[in-house]
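Lettering of chains follows the sequences in order, A, B, ..., and the numbering in each one begins at 1. Every value quoted in this text rests on a predicted model; they were computed, and no experiment measured them.
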Amino acid sequence: MRVVFRAVSGEARPGEALVITGPNGSGKSTLLAILCGLLRPTKGVVRYRRQDGDDLPRDEWGRHLGVVAPSMAVYEELTALENLRFYARVRGLALEDAGHRALLERVGLDPDRSTPVRGYSTGMAQRLKIAQALLHSPSVLFFDEASSNLDPSGQDWLEGHVRLLIDEGRTVVLATNDRREMTWGSRNVSLVG
Amino acid sequence: MNRFGLALKWLLFVWMIAVIWAAFMWIPSAQGFKGESSRIVFFHVPTAWVATLAFLVSCVASALYLWRRKPKYDFGAAVSNGLGLLFAVLATVTGAIFAKIMWGAYWNWDPRQTSITILLLIYAAYFALRSAVADPEKRATLSAVYSILAFVTVPFLMFIVPRIYFSLHPDVITNSDPNNSLDSAHLKVLLASLAGFTGLSVWLYSVATRIEEIRHRRRQEVL
Amino acid sequence: MSRWLAEALAVAAKDLRAEFRTRVALNSLALFALTTLAAVSYTIGPYRLATEDRPFLLSVLLWIVIFFAALAGLDRSFVKEEESHTAPLLRLAAAPTVVWAGKLLYNLVLIFALMAMLAPLFCVLMGFEIAMPWRFVLVLAAGGYGLAVITTIVAAIIAQALTRGALFSVLSLPLLLPLLIIVIEGTTAVATGDLASYSESLRAIVTMAGAMTIVSAFLFPVVWRD
C-alpha cells in the first residue's frame, strides 16, 4: 500500500473544465481512476449529482462518464468500427452504423478501414479511444493526456471539440502537463509530488 | 487477558486432560474393533468436526468481509481456513492409523479419504491465492470469494461422492441401526471430547486472530 | 431481461470474433487435447484394456483430457482483458453480470467446440463403445457446463493476481475434482447402459453446476469491480 495523496477536495459543475496538473508520479491517473469509480479510495467519497439533485448510484456511473486514458485500451483484434459497435451494444445504445461512421470521420479515422486496431499508429489508436469516450454522449469526460500522440491538426481538432463539449454544458476533466491543454480549463487543481 | 478468559483457559486445560484420561483409561475398548483401535474415535471425530466447523466459519467470515469490508473478517477467514487445514490433516492422520489397524493399509482411496484429500487441496489452494496477491484489500476480496466457492463443494464431498463409491468407513454416528451405535458411556466421552476440541479451536482462533490484528496495526503504523 | 441477454451476447460475440482472429485459446485447447489424445491412444490403444475395465478407465481418460485441455486455455477470457488493458473500459461500459454471462457463454462455446472435436475422435481411436449415445451427449453437455461455470469464476479471480499461469490450474482443479468424479461416474454409466447410476450422476452434476452458477453470479461483481 502506498499513500498517493491525502487531501483532495472540490467539485465541478456542468459546463466547467477542470485541469489537474502535477509532476510525474504525483497521482493524476490514480485520482482519475478513483473519480470514475475504477479504484476504491481508502478514505473519502466521490459523488455525481443528477439534475434532480439526487446522487447517481455507482452502478450507473459508467453510463454518464467517458474516459480516455493511457492505461485504458480498446480491442486491438477488432477494427475501429467493430470496436464502436461493441461498446454501443454493450452499453445498450440503439445506434446504427451510420452514427458510428460519422463519429469515426469526426475524429479523423476512415470507417471503412478493415485492418484491426493492432495495425494502427499510436496517434490513430488515440483517436479511436477518443471516439469511444464520446460514443454515448456522456455528461462528464475525463481526458488523461488525451492530446499526446496526436499530430498538430489532431490537437487543434481536440481543442475545438473540448470547447464545444464545455459549451454544450458537459463537465470536462483534463489530467495533463501539456502547456497547451492547460489553457483549455477554467479551473486548475495541482497535485504536489 | 481478563480473569474470566484465564479461568476458561484453565478449564479447557483440565477438561482436555480429563478427556484424554477417559478415552484411554476409563472407557473399555469397544466390541468389533481390533485391539484398542476404537479409542481413536475420540480424537478422529472431534478433529473432523472442528475442521468442518472451521471451514464453515471461514465461509461466514468471508461473506461478512464482502459485506462490511472490515479487515478483521479477512483475518478471521484466513485463520479459520488455517485451523481447518490443520484439523483436517489431523483427522486424515488419525483415520489412516485406524485404517492400518483395521484393514491393513494406511491409504486405500476410500471415498472419505478421497473427499478429505480434495478438501485439503482446495484449502491449500486458498493459501496459494493469498500469497499471489500483494495488495491487502484485493487479497482479502479475492480470497473471500474463493473461500465461499470452496465451501459450496463441501456438501458434495461429504454426501454425494461417498454415496457414489462403496465405503468401509464406519457410520456409527449418523446411522439408526441400534446394534451398530455407540453405547452411552462412549457417547458421553465422545461428546466431552467434541466440546473440548471445539473449545480448543475457539482458543486457537482467538489467539491467531489477535496476532493478525497486531500485525495489521504494525503495518499501518509503518505507513 | 432481453436487453441484458443482448448485452451478454455482445460480450461473447466480441470475444469469439477476437478469438477467431488470433486463435490463441482455441489453438492451445485443441492442440493440448490432440497431443494428449495421441499420446494416450498410442500407449494404450483400443485393445490393451481388459473388457470389464474399459468403460470406467476410458471415461477417466476422456474427462482428464477434457479437463486439462480446458485448464490450458480457458483462463484467457479474463487474463487477456487485463493484459491488453481493455478491462477498465469494459468495466465502465458493461454491467458486471453482463460481463460474467458473456464470458461464461464464450467459455461454453470453446468447451463445446473442444468436446465436439475430441469426443468422437476419442471414441473411434480408443474403441470406446457407448450404450446410450444420446445420454452420453447429455452428460458431456452438463459436465461441460459445470466445467465452464467453475473455470469462468476462477479465471476472473486469477486475472487480478500477480502470478497467473500456474495459479489457474492450482485454484481450478481442486474445485473441479468433485465434478470430475461425478462426470466419470455418469460417463461410465452411459457406456455400460446403467440407467439408475446415469440418472443419479446427472442429477448430481446439474445440482453442482446449478449451485456454482448461482454463487458465481452473486460473487462475480465483487471480483470484477475491485
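Of all heavy-atom pairs between A:Arg89 and C:Leu9, the closest is NH2-C, 4.3 Å. In terms of heavy-atom proximity, C:Thr86 sits nearest to A:Val74 at CG2-O, 3.4 Å. Of all non-hydrogen atoms in C:Pro88 and A:Met72, the two that sit nearest each other are CB-CG, 3.6 Å.
C:Arg21 is listed as a side-chain neighbour of A:Leu78, based on a closest heavy-atom distance under 4.5 Å. For the pair C:Arg225 and A:Asp59, the minimum side-chain heavy-atom distance is below 4.5 Å. Side-chain contact between A:Glu77 and C:Lys80: present, with at least one pair of heavy atoms (C-beta onward) separated by less than 4.5 Å.
Heavy atoms closer than 4.5 Å to chain C are found in both the backbone and the side chain of A:Arg91. Heavy-atom distances place no part of A:Glu76 under 4.5 Å from chain C, backbone and side chain included. Neither the backbone nor the side chain of C:Glu19 comes within less than 4.5 Å of any heavy atom of chain A. Both the backbone and the side chain of C:Ala94 have a heavy atom closer than 4.5 Å to some heavy atom of chain A. Contacts of A:Arg85 with chain C are absent, with no heavy-atom separation under 4.5 Å from either backbone or side chain. Contacts of C:Val11 with chain A are made by both backbone and side-chain atoms, with heavy-atom separations under 4.5 Å. When heavy atoms are compared at a cutoff of 4.5 Å, A:Glu82 approaches chain C solely by way of its side chain, counted from C-beta outward.
Residues of residues 22-33 of chain C that come within less than 4.5 angstrom of chain A, heavy atom to heavy atom, are C:Thr22 in numerical order.
Comparing C:Arg3, C:Arg17, C:Arg91 by how many heavy-atom pairs each has under 4.5 Å with chain A, the most go to C:Arg17.
Here A:Tyr87 contributes atom OH and C:Leu92 contributes atom CG; the two are 9.5 Å apart, rounded to the nearest 0.5 Å. One finds the CG atom of C:Leu90 at 5.0 Å from the CZ atom of A:Phe86 (value rounded to the nearest 0.5 Å).
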